[in-house]
Amino acid sequence: MDRMEQMLAFARNCAKEAGKIQLSYFRGNHLHIETKFNMHDVVTVADKESERYIIGEIKRTYPEHAILGEESGMHAGDSEYCWVIDPLDGTTNYSQGLPIFTVSIGLQCKGETVLGVVYAPYLNELYEACKGKGAMLNGRSIHVSGKNDTQQSVVSTGFPIDKDRNPDNNLDNLARILPMVRGVRRQGSAAFDLCCVAAGILDGYWEFNLHLWDVCAGILIVTEAGGTVRSFREDRNVSIVVGTPAIVEQLYPRLSDKPGKICL
């Protein structure tokens, strides 16, 4: 087993153990829900415990590596490697008792993502990829769907946490794209959306105002599964459209690259 395979096995184990923490609290009465940016941006005890566990394992196993965690920020290291962690992506779902939530762990080397694991504990679905080696779901190879017509496609999206106070909230994009596709879904976890595209379950996905921890692992998984990822604006953090090459080509022109822009 080479070093990358060892680190993938390590990430896989961390994700599964964090998933056990989350399942132990799920649909229980001890989530200790708190808000962060606003009332729509929540965190639970499971988010915090999951991140502490993963960071603790990384520091014990790879003490020289840097770590970027959603809840605790950047932990500096003396290495070209940086682990990028979203310990519980889909916290709103989780806090409501909805079963779509994930652990997302990516590894970057000199700023390039080389490894990604996304685990959906309730569904027991483990998505993973190493750069140049393809993508897998529970040990079997996956690939994006063969769809090339939006009218036959089901896509997903999400909405920014400042949607209550900022009219630049993705509703304009939704209004343009909804009529041209078979259906639009809002699953509540960017990492899971990306993995569904990778597995051919969804044909496309777009969202803006994401962060690196939301997408680091998932972007690698979807590209290793043959998908295309394009940025459609630069002013709202990570803003991407993802899917089969043909579907991205058709969705991209409908997405506004700035507030108020009129698209065809």
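Of all heavy-atom pairs spanning Gln22 and Tyr94, the tightest one is O-OH, 2.5 Å. Taking both residues in full, the closest heavy atoms of Asn173 and Ser256 are given as OD1-N, 2.9 Å, listed atom of the first, atom of the second, then distance. Summarising the geometry of Glu224 relative to Gly134, their closest heavy-atom pair is OE1-N, 2.7 Å, with the distance given to 0.1 Å. Here the closest heavy-atom approach between residue His65 and residue Ser79 is recorded as CD2-OG, 3.4 Å. The heavy-atom pair separating Val238 from Leu212 by the smallest distance is CG2-N, 4.1 Å. What you find for Leu8 and Gly116 is that their closest heavy atoms are CD1-O, 4.3 Å.
Around atom CG of Asp78, no more than 12 heavy atoms belonging to other residues, nucleotides or ligands sit under 6.0 Å away. The local environment of CD in Glu234 is sparse, with at most 12 non-hydrogen atoms from other residues, nucleotides or ligands closer than 6.0 Å.
Donor-acceptor pairing under 3.5 Å is recorded for the side chains of Glu49 and Tyr25. In summary, the side chains of Asn170 and Thr157 do present a donor paired with an acceptor at a separation below 3.5 Å, with no hydrogens or angles considered.
In this structure, Ile247 is a member of the same hydrophobic cluster as Val184, with clusters built from ILVMFWY side-chain heavy atoms closer than 4.5 Å. Linking ILVMFWY residues whenever their side-chain heavy atoms come closer than 4.5 Å, directly or via other members, places Ile58 and Leu88 in the same cluster. Side-chain heavy atoms closer than 4.5 Å link hydrophobic residues (I, L, V, M, F, W, Y) into clusters, and following such links, possibly through other members, connects Ile177 to Phe232. Hydrophobic clustering of Ile, Leu, Val, Met, Phe, Trp and Tyr side chains at less than 4.5 Å, counting indirect connections, unites Val181 with Leu255. Residue Ile201 is grouped with residue Phe192 when hydrophobic side chains (ILVMFWY) are merged at heavy-atom distances under 4.5 angstrom, including chains of intermediate members.
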**Request:** Could you walk me through whether Leu202 and Gln187 pass side-chain contact (heavy atoms from CB on, under 4.5 Å), step by step?
**Result:** CA-CA 11 Å; Leu202 291 171; Gln187 299 197 106; 3.5 Å; yes
**Asked** Can you check side-chain contact (heavy atoms from CB on, under 4.5 Å) on Met180 and Gln151, steps first, answer last?
**Response** CA-CA 6 Å; Met180 65 186 289; Gln151 292 293 328; 4.2 Å; yes
**Message:** The test is side-chain contact (heavy atoms from CB on, under 4.5 Å); show your working for Phe159 and Leu171 and say whether it passes.
**Reply:** CA-CA 8 Å; Phe159 301 93; Leu171 288 178; 4.0 Å; yes
**Request:** Start with the C-alpha distance between Val45 and Lys48, add both sets of side-chain angles, then the distance that settles side-chain contact (heavy atoms from CB on, under 4.5 Å), and finish with yes or no.
**Result:** CA-CA 5 Å; Val45 65; Lys48 296 176 181 179; 5.6 Å; no
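Atom NE2 of His211 sits about 8.5 Å away from atom CD of Glu70, to the nearest 0.5 Å. Here Ile219 contributes atom CD1 and Cys195 contributes atom SG; the two are 11.0 Å apart, rounded to the nearest 0.5 Å. Of the inter-residue distances, the one linking Ile67 atom CD1 with Ile105 atom CD1 reads 10.5 Å to the nearest 0.5 angstrom. In this structure, the separation between SG on Cys109 and NZ on Lys131 is 11.5 Å, given to the nearest 0.5 Å. Atom CE of Met7 and atom CG of Leu107 lie 5.0 Å apart (nearest 0.5 Å). To the nearest 0.5 angstrom, Ser104 atom OG is 9.5 Å from Ile85 atom CD1.
Using modelled atom types, no side-chain atom of Gln108 and backbone atom of Trp83 make a donor-acceptor pair closer than 3.5 Å. Remark: side-chain polar atoms of Gln152 are not paired, donor with acceptor, to backbone N or O of Asn148 under 3.5 angstrom. The backbone N or O of Asp164 sits nowhere less than 3.5 Å from a side-chain atom of Asn169 that would complete a donor-acceptor pair.
Listed by first and then second residue, the salt bridge (charged side-chain N to carboxylate O under 4.0 Å, His left out) pairs that reach into residues 99-111 are Glu80-Lys110, sequence neighbours excluded.
Side-chain contact between Glu51 and Ile54 is absent, with no heavy atoms from C-beta onward closer than 4.5 Å. Val103 has its side chain out of reach of Ser50: every pair of non-hydrogen atoms, C-beta onward, lies at least 4.5 Å apart. Contact annotation: the side chain of Leu194 approaches that of Ile240 to within less than 4.5 Å [non-hydrogen atoms, C-beta and beyond]. Taking the side chain as every heavy atom from C-beta outward, Leu174 and Trp206 approach each other to under 4.5 Å. Side-chain contact between Tyr205 and Val229: absent, with no pair of heavy atoms (C-beta onward) separated by less than 4.5 Å. Contact of the Asp162 side chain with the Arg236 side chain is registered, since non-hydrogen atoms from C-beta on lie closer than 4.5 Å. Contact of the Thr44 side chain with the Asp47 side chain is registered, since non-hydrogen atoms from C-beta on lie closer than 4.5 Å. No side-chain heavy atom of Leu210 sits less than 4.5 Å from a side-chain heavy atom of Asn237.
Between Phe26 and Phe101, the ring planes are tilted. Angles from 30° to 60° get that label.
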For residues 122-130, tabulate all N or O donor-acceptor pairs below 3.5 Å that involve a side-chain atom, not counting sequence neighbours.
| from | atom 1 | to | atom 2 | distance (Å) |
| --- | --- | --- | --- | --- |
| Tyr122 | OH | Arg27 | NH1 | 3.4 |
| Asn124 | OD1 | Tyr119 | OH | 3.1 |
| Glu125 | OE1 | Tyr127 | OH | 2.7 |
| Glu128 | OE1 | Arg12 | NE | 3.0 |
| Glu128 | OE2 | Arg12 | NH2 | 2.8 |

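None of Asp89, Asn93, Asp193 except one satisfies the side chain to side chain contact (heavy atoms under 4.5 Å, CB included) rule with Ile100; the exception is Asn93.
His75 meets the ring pair (Phe, Tyr, Trp, His ring centres under 6.0 Å) test with no other residue; sequence neighbours excluded.
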